[in-house]
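Computed from heavy atoms alone, side chains included, the values below leave out hydrogens, waters and symmetry copies. We number each residue from 1, following the sequence as shown.
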Amino acid sequence: MSPSEIRGLDGLTSPELVQLDLAVPDRDAAVEVLARLLFDAGRITDLDGFLDQVRSREHQLATGLPGGIGMPHARTEFTDRVSIAVGITAYGHALDFGAADGPATVVLLLATPADSFSLHLGILATLARSLSKQAFRESLRRAYDPEVIAELINSSVDFEDV
């Protein structure tokens, strides 16, 4: 992994990139809310361009994972670092990301630089491994604290695995 890729992994998310009580009508609206967090934090440079890329990716293949997880993502020229915005749905709300076992209550929006194909796949795989563990998913849902949620996500990526 190159030094610039390693820098891109520093602080995948932060408390200002966590949206609690996400109560939106559908996955597109959830992606818009989370993308806005990335844009407002300076993690992406073109909100509309990034949204178009995420939507295009979503139409290719569903991004729902088992256990109530949505993980929309895009490699994009509108960022120079890996970033994740996290949404925890409000009580009673869930969003259809196409998972076979039902809708999502935790949404992770991943943005990676356009030229980072292997890094993008590595981050997706590492997150999917962490998210496959029920205890980890429940920790995210129950934390109800943006700092704790950000730390859980940041610590879930082992740089040796990416």
Just verifying a value: how many Å separate [X] [atom1] and [Y] [atom2], rounded to the nearest 0.5 Å?
X	Y	atom1	atom2	result
T105	R137	OG1	CZ	9.0 Å
L110	L127	CG	CG	7.0 Å
T89	Q19	OG1	CD	11.0 Å
I88	L108	CD1	CG	7.5 Å
D101	L65	CG	CG	9.0 Å
L12	T112	CG	OG1	11.0 Å

Is it the case that over 12 heavy atoms from other parts of the model lie below 6.0 angstrom from the CD atom of Q60?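 Count over threshold, so yes.
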**Report entry** Whether over 12 other heavy atoms sit under 6.0 Å from R142 CZ
**Finding:**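 Open: at most 12 neighbouring heavy atoms sit under 6.0 Å from CZ of R142.
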Are [X] and [Y] connected, step by step, through hydrophobic side chains (Ile, Leu, Val, Met, Phe, Trp, Tyr) whose heavy atoms are closer than 4.5 Å?
X	Y	value
V86	V82	yes
F97	V106	no
V107	L20	no
L119	I153	yes
V31	L38	yes

If you look at every heavy atom in [X] and [Y], which pair is closest and at what distance?
X	Y	result
V24	A30	CG2-N, 3.6 Å
A143	I149	CB-CG1, 3.7 Å
L22	G87	CD2-CA, 4.1 Å

Between [X] (side chain) and [Y] (backbone), is there a donor-acceptor pair under 3.5 Å?
X	Y	result
S155	E151	yes
T126	I123	no
S139	A135	yes

* Using a distance-only test with no angle check, is there a side-chain donor-acceptor pair under 3.5 angstrom linking R43 and T79? ->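 Result is no, nothing qualifies.
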**Message:** Suppose the criterion is salt bridge (charged side-chain N to carboxylate O under 4.0 Å, His left out): which pairs have a residue in residues 18-28, not counting sequence neighbours?
**Reply:**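 Residue pairs passing salt bridge (charged side-chain N to carboxylate O under 4.0 Å, His left out), neighbours aside: R27-E58.
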Keeping to residues at least two apart or across chains, list the salt bridge (charged side-chain N to carboxylate O under 4.0 Å, His left out) pairs with something in residues 29-39.
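For residues 29-39, and leaving out neighbouring residues, the salt bridge (charged side-chain N to carboxylate O under 4.0 Å, His left out) pairs sorted by first residue read E32-R55, R36-D40.
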For residues 68-76, which side-chain donor-acceptor pairs fall under 3.5 Å, sequence neighbours excluded?
residue	atom	partner	partner atom	Å
H73	ND1	M71	O	2.8
H73	NE2	R57	NE	3.2
H73	NE2	R57	NH2	3.4
R75	NH1	A114	O	2.6
T76	OG1	Q53	OE1	2.4
T76	OG1	F78	N	3.0

Problem - Chi angles and distances behind the side chain to side chain contact (heavy atoms under 4.5 Å, CB included) call for L34, L17 - result: CA-CA 7 Å; L34 297 178; L17 297 176; over 6 Å; no
Open item on the list: Suppose clustering is done on Ile, Leu, Val, Met, Phe, Trp and Tyr with side-chain heavy atoms closer than 4.5 Å. Which residues sit in the same group as L61?
Closed with: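 Members alongside L61: none; it stands by itself.
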**Item:** Partners passing side chain to side chain contact (heavy atoms under 4.5 Å, CB included) against P15 (at least two apart in sequence or in another chain)
**Value:**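 Scan of P15 (side chain to side chain contact (heavy atoms under 4.5 Å, CB included), adjacent residues dropped) gives P146, E147, A150.
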**Of L37, V54, V33, the residue whose pairing with L109 passes side chain to side chain contact (heavy atoms under 4.5 Å, CB included)** =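 One option only clears the test, and that one is V54.
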**Request:** Just grab all the ring pair (Phe, Tyr, Trp, His ring centres under 6.0 Å) pairs involving residues 34-70, residues at least two apart or on different chains.
**Result:**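 Those involving residues 34-70 do not exist here.
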